[in-house]
Every structure is written in C-alpha cells, then in structure tokens.
Amino acid sequence: MSLSPPSASAKLSAPIDLPLVRRTFGRPQRVAESDFLRREVSFRMQERLALVKIVPSQVLDAGCGEGADLPMLQKRYPEAQVVGLDGAYGMLSVAAEHQRGAQSAVNRLFGSINKWLGTSGGNGPELACADFAQLPLGPNSLDLVWSNLALHWHPQPDRVFAEWRRVLRVEGLLMFSCFGPDTLREVRSAFESIDLAPHALPFVDMHDFGDMLVNAGFSTPVMDMETITVTYETPQRLLEDVRAWGGNPLETRRRGLLSRGQHQRLLAAFEAMRNRDGKIPLTFEVVYGHAFRPVPKQTAAGESIIRFDLPRK
C-alpha cells in the first residue's frame, strides 16, 4: 500500500508508522486471510463501474496488492494498457508471480497459434512500486484510476487525490473504495476496557472525502457507503483477522504487550458483544467514491475557456 511521509499541513492525516505498514503488507501470507473482504468489495465496485460508459486506453490499479483486480480490468478493457501499482514489494512479487503463471498457461494454450500468426500473445498488465501521492507517471496519462480498499493506508488522502487528478486526462474517471469511521468500532470499544491508547485507524468520513475531491479539482463526486458485518465464533479469530487487515499502524499505538489480566478483560469485552445467534460481530463501513476530471474552464494563463457545441449536420 503506497505511502508518503506526512507533513504538518496535511488534512485529516493520521500519524501512520509507514515502515510498519510496508513491512505488514510486504508479507502477503500475513494478510492473505483478509482477502475475502477485498474480493467482495471489488465485486461491488465492478457493479458500479459497469454503469459508467468509458473506453480507457490507460488504466491504473492504485494499491493493486497481489494483483487480484488486474485480470478483471484487463478483461473488461482488453485494448487498454493496465498498470498495477503498490508500495509493498512483497505484494508486487506475488502479483508478478501470478502474472507469469497466467501468461505461461496462455502461452501453452495458444503458443502454436501465436507462432503461426507471428505474435507474442502480450505480456499482460505492467507492475510498478511507488507512492500514491508521487506517481511515476506524466500528467494526463491515464483514463481510469481504480483503487480498492487502499486509500485509508495513506496519511494524506488530499495529496493523493491531487496526484490522481494530475495523471488523469480530461473526463478521465477515478473510482475507489476505502474504510469509513465506523470500521472496527467493536475493536475500539473492547480496548477501552484496557487503556485510552488508539487501537485502530481514525478512518476518514465520506463527506470529508467528497470535500477533498472537490478541492483537488474533480467534478461532481459521487459518494456512498454501506456497512458490512463479519461475524466470528471466537474473539481470538476476530483479532487474527484484524491483524490480517493491517492491524494498528499508528505511531501513537501502545508498544507494550498486554498483561494476562488485560488480555482476559479484552476477551471478555468481545464475549459481551455476542449476538443472539452467538456470533461476535465486526463492522466495516465501506466508502465508495467516483469522480471525473472536468474539462478546464481556464487556460494556464488564467484566460476563460468558452465551449461552443455546434449543431450536428
């Protein structure tokens, strides 16, 4: 998950321990158990994307992780150049391995046909390791930026939006998802019985994201949210998944281990949350947003641009 050092002027920034985030997501096996939610949110994003008429030539998956969304994007836009970008080398290594495996299978299947036609069969999506807010791409170089459950790991989403707008062409589309403030509320509540230290990220509100998009220069952003509840048989399994989602990367997090008594109080707090069906709930507020880079109203010199739509003959 791509990140950059925070600055004092960053809006709604969180004091995120960036090396810790990179180490966490640099070990794909640690976060693999949480991928079911990313796949579900990706499916729901795809339903939204299907409603937008766009034929992109260049597509960026920002925060591609192990590359699970890359084949979908390439299939949906077969003529497009698709780039997967992430800040964790470990994730990109797995993405590259998956891509090599898929390409090898395609070559075995179509190798003789490609040889006869004199074509290579293509190499699939490209991969890059970089910061969301410092993309290695030129201005006006993309038609679609796609980002699934990655933005909340960046301490400066306002800078990220500005950078995404920079690389999008006029009328290019941004579509993203991320966690909202109610995410992991049960974790916060349970840890209140232990101490006052923060034990989860202070996720940004949907309306604040909308304001950031407008300030970054996007037009008429559309924001909505939904709540997804995952249930667990035991507190231990719930906490394992919380760690798999990235845990607590705040610099202000508690550094010491819990005592035996504190750990027992924590488990008891989760036990008290059981529903009538006996399961322990864990809430995720998922925020969805999309917006376009608008046609400019002024030139670089500040002169107004007036558009005339001539009647069709």
Can a side-chain donor-acceptor contact be found between N140 and R293 if the only test is distance below 3.5 angstrom?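 There is such a pair between these side chains.
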With sequence neighbours left out, write down each residue that passes side chain to side chain contact (heavy atoms under 4.5 Å, CB included) with [X], or none if nothing qualifies.
X	result
Q236	T234, L267
P221	L213, V214, A291
A244	E33, S34
A197	D195, H199, R254

Ion pair check, [X] and [Y], cut-off under 4.0 Å:
X	Y	answer
E47	R44	no
K279	E233	yes
R100	E97	no

Taking the inter-plane angle between the rings of F132 and H154 on a 0 to 90° scale, is it parallel (under 30°), tilted (30 to 60°) or perpendicular (over 60°)? parallel
Whether F209 and F161 hold their rings parallel, tilted or perpendicular, with breakpoints at 30° and 60°: perpendicular
Lys/Arg cation over aromatic Y288: R48, 6.0 Å, 45° cone: yes
So which pairs with a foot in residues 67-76 pass salt bridge (Lys or Arg N to Asp or Glu O under 4.0 Å), sequence neighbours left out?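 Salt bridge (Lys or Arg N to Asp or Glu O under 4.0 Å) check on residues 67-76 returns R39-D69.
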For a 4.5 angstrom cut-off between non-hydrogen side-chain atoms, does M225 reach T227?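 Yes, at least one pair of side-chain atoms sits under 4.5 Å.
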Taking the side chain as every heavy atom from C-beta outward, state whether Y77 and S57 have any atom pair closer than 4.5 Å.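 Side-chain contact under 4.5 Å: no.
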Hydrophobic clusters here meaning ILVMFWY residues chained together by side-chain heavy-atom distances under 4.5 Å, can you tell me if M45 and V222 are in one?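 Different hydrophobic clusters.
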Is there a chain of hydrophobic side chains (I, L, V, M, F, W, Y, each step under 4.5 Å between heavy atoms) that links V94 to M91? no
Candidates R165, R159, R166 - the one meeting salt bridge (charged side-chain N to carboxylate O under 4.0 Å, His left out) with E163: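 Only one option passes, and that is R166.
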Tell me if the centroids of the rings in F25 and W153 come within less than 6.0 Å of each other.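 Close enough - the centres of the two rings lie under 6.0 Å apart.
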May I have all residue pairs that pass ring pair (Phe, Tyr, Trp, His ring centres under 6.0 Å) and include part of residues 225-258, sequence neighbours excluded?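 Applying ring pair (Phe, Tyr, Trp, His ring centres under 6.0 Å) to every pair that reaches into residues 225-258, excluding sequence neighbours, yields F36-W245, W245-F284.
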